[in-house]
Student: 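Can you read through this structure? Questions will come right after.
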There are 2 protein chains.
Amino acid sequence: MFKFSRKIEYGILALQYMAGRKQELVSAKEIAENLELSFDFLAKTLQTLMKRGLVASHQGIHGGYLLAKDADKISISEIIRSLEKNISIVECSPSIDEASCSRMKNCTIRGPLLKIEKKMLLYLEQTSIAEISQHDKKTKLEIKIRN
Amino acid sequence: MFKFSRKIEYGILALQYMAGRKQELVSAKEIAENLELSFDFLAKTLQTLMKRGLVASHQGIHGGYLLAKDADKISISEIIRSLEKNISIVECSPSIDEASCSRMKNCTIRGPLLKIEKKMLLYLEQTSIAEISQHDKKTKLEIKIRN
DNA sequence: CATAAATAAGACTATTGTAATCGTATATAC
DNA sequence: GTATATACGATTACAATAGTCTTATTTATG
């Protein structure tokens with residue numbers, strides 16, 4: 001549990017890449033080659049981000065993608081929410097009814113867990129693509145995401 | 001992604017239950033019946049928590065489990081670390097070598113992600129079973145964890 | 001000492017979610 | 001009209017989690 005999925009990884013990497021080329025159309029192919037990502041998987045990820053309004057696309061020859069808004073307005077939280085069905089750490093939403101969970105009436109831990117979740121999501125909300133890039137430029141960390 | 005696994009759910013529920021019966025031996029059967037959990041799955045979870053030193057066990061008739069330390073000394077983070085292989089949100093550890101990831105040399109996001117991770121884990125570290133129980137007594141939230 | 005009730009532990013299967021791949025359609029610059 | 005790009009659905013492969021079952025071991029107690 002608790003791993004960032006490859007979708008999220010690809011999303012963050014691609015958006016960050018695009019942030020470095022403001023306003024320019026960047027093709028999925030270029031991103032995949034430069035970051036050594038699977039083209040197929042990246043393409044699908046970018047298409048999802050497009051549907052969710054994080055990036056804009058342009059079809060046809062010389063087409064590609066660009067950020068739909070400033071990098072400092074795109075939070076990690078928003079990326080996750082765009083790519084995953086559900087960002088919450090607990091499966092039950094506030095709107096769920098009693099029939100779907102027998103523990104409903106006297107569950108003792110959901111409240112506290114939602115509090116934890118709120119804190120974690122707040123931080124993800126506060127961290128933007130711009131910040132990540134900034135951080136990177138400063139520290140020049142050499143690290144990897146996945147084997 | 002980002003869901004608490006059933007193991008974690010069971011661990012938190014069981015530890016909280018045991019916290020309410022300080023020093024007493026509580027059988028897995030009792031916990032399973034009262035919280036309506038799968039006995040098999042709970043038993044396995046408790047055995048793991050025992051190996052990790054979070055609970056102590058007593059075999060034989062009238063046997064059971066009890067907390068190995070005070071409820072305010074058991075953090076959510078510790079529970080997760082005890083039950084999952086790896087709590088980190090990124091798969092690459094600081095000790096990993098370049099051969100295992102081609103992006104190693106110029107990965108731009110791991111540093112920032114580790115920073116995010118550190119923040120989240122800090123909060124999980126700061127939240128104890130005792131706090132969760134406390135929270136519950138105050139608020140009497142009626143919620144559930146899973147369908 | 002026999003028995004019942006409890007934990008300990010490993011093996012196995014099922015289910016689910018994620019990742020990866022492929023084929024085809026559509027748009028568009030030239 | 002062709003080459004190159006995105007759009008999108010279908011399908012397969014794989015891995016992690018969840019769930020089940022069996023057997024062994026421990027121990028209080030009559």
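The figures that follow rest on heavy atoms only: side chains count, while hydrogens, waters and symmetry mates do not. What you are looking at is a predicted structure, and each value in this text was computed from that prediction instead of being measured. Just so it is clear: chains get the letters A, B, ... in the order the sequence lines come, proteins before strands, and each one is counted from 1.
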Student: For the pair made of CZ in B:Phe41 and P in C:dA9, what is the distance, rounded to whole Å?
Tutor: 17 Å
Student: Given A:Arg52 and A:Thr48, is the side chain to side chain donor-acceptor pair (under 3.5 Å) satisfied, shown in steps?
Tutor: CA-CA 6 Å; A:Arg52 302 310 173 92; A:Thr48 305; over 6 Å; no
Student: Nearest whole Å is fine: how far is C:dA27 P from A:Tyr65 OH?
Tutor: 15 Å
Student: With a non-hydrogen cut-off below 4.0 angstrom, is B:Ala28 in contact with a base, only sugar-phosphate, or nothing?
Tutor: sugar-phosphate
Student: Please determine if A:Glu84 and B:Lys3 form a salt bridge, counting it only when a charged side-chain N lies under 4.0 Å from a carboxylate O.
Tutor: no
Student: Measure the distance from NZ on A:Lys3 to P on C:dA19 and round it to the nearest whole Å.
Tutor: 12 Å
Student: Applying side chain to side chain contact (heavy atoms under 4.5 Å, CB included) between A:Ile80 and each of A:Leu124, A:Asn86, A:Ile12, report the one that passes.
Tutor: A:Leu124
Student: Using a 4.0 Å heavy-atom cut-off across all strands, classify A:Lys44 as base, sugar-phosphate, or nothing.
Tutor: base
Student: Please report the distance, rounded to the nearest Å, between CD in A:Glu30 and C1' in D:dA5.
Tutor: 13 Å
Student: Give the nucleotide from the list C:dT21, D:dT17, C:dA4 with an atom nearest to the side chain of B:Glu84.
Tutor: D:dT17
Student: Is there, by distance only and without an angle test, a donor paired with an acceptor across the side chain of A:Gln59 and the base of D:dT6 below 3.5 Å?
Tutor: yes
Student: Consider the side chain of A:Ser27, meaning its heavy atoms from C-beta on, and name the nucleotide among D:dA5, C:dT21, D:dA7 that approaches it most closely.
Tutor: D:dA5
Student: So does B:Lys69 pair up with B:Glu78, basic N to acidic O under 4.0 Å?
Tutor: yes
Student: Could you check how far OH of A:Tyr10 sits from P of C:dT18, rounded to whole Å?
Tutor: 16 Å
Student: Nearest to the side chain of A:His62, heavy atoms from C-beta on, is which of C:dA19, D:dA18, C:dC30?
Tutor: C:dC30
Student: For B:Lys51, which contact category applies under a 4.0 Å heavy-atom criterion: base, sugar-phosphate, or nothing?
Tutor: sugar-phosphate
Student: What is the distance, rounded to the nearest whole Å, between atom CG of B:Asn86 and atom C1' of D:dA16?
Tutor: 14 Å
Student: Between D:dT20, C:dA9, C:dA20, which one does the side chain of A:Arg6 approach most closely?
Tutor: C:dA20
Student: Can you check the B:Lys29 NZ to C:dT7 C1' distance for me, whole Å?
Tutor: 14 Å
Student: Starting at atom NZ of A:Lys85, determine the distance to atom C1' of C:dA19, rounded to an integer number of angstrom.
Tutor: 13 Å
Student: Determine: side-chain N/O of A:Ser38 to OP1/OP2 of C:dA19, distance under 4.0 Å, yes or no.
Tutor: no
Student: So if I take every side-chain heavy atom of A:Asp40 and compare against C:dA4, C:dC22, C:dA19, which nucleotide ends up nearest?
Tutor: C:dC22
Student: Counting only N and O atoms by type, is there a donor-acceptor contact under 3.5 Å from the side chain of A:Tyr10 to the main-chain atoms of A:Lys44?
Tutor: no
Student: Report yes or no: is there a donor-acceptor pair, N or O only, under 3.5 Å between the side chain of B:Gln47 and the base of C:dA8?
Tutor: yes
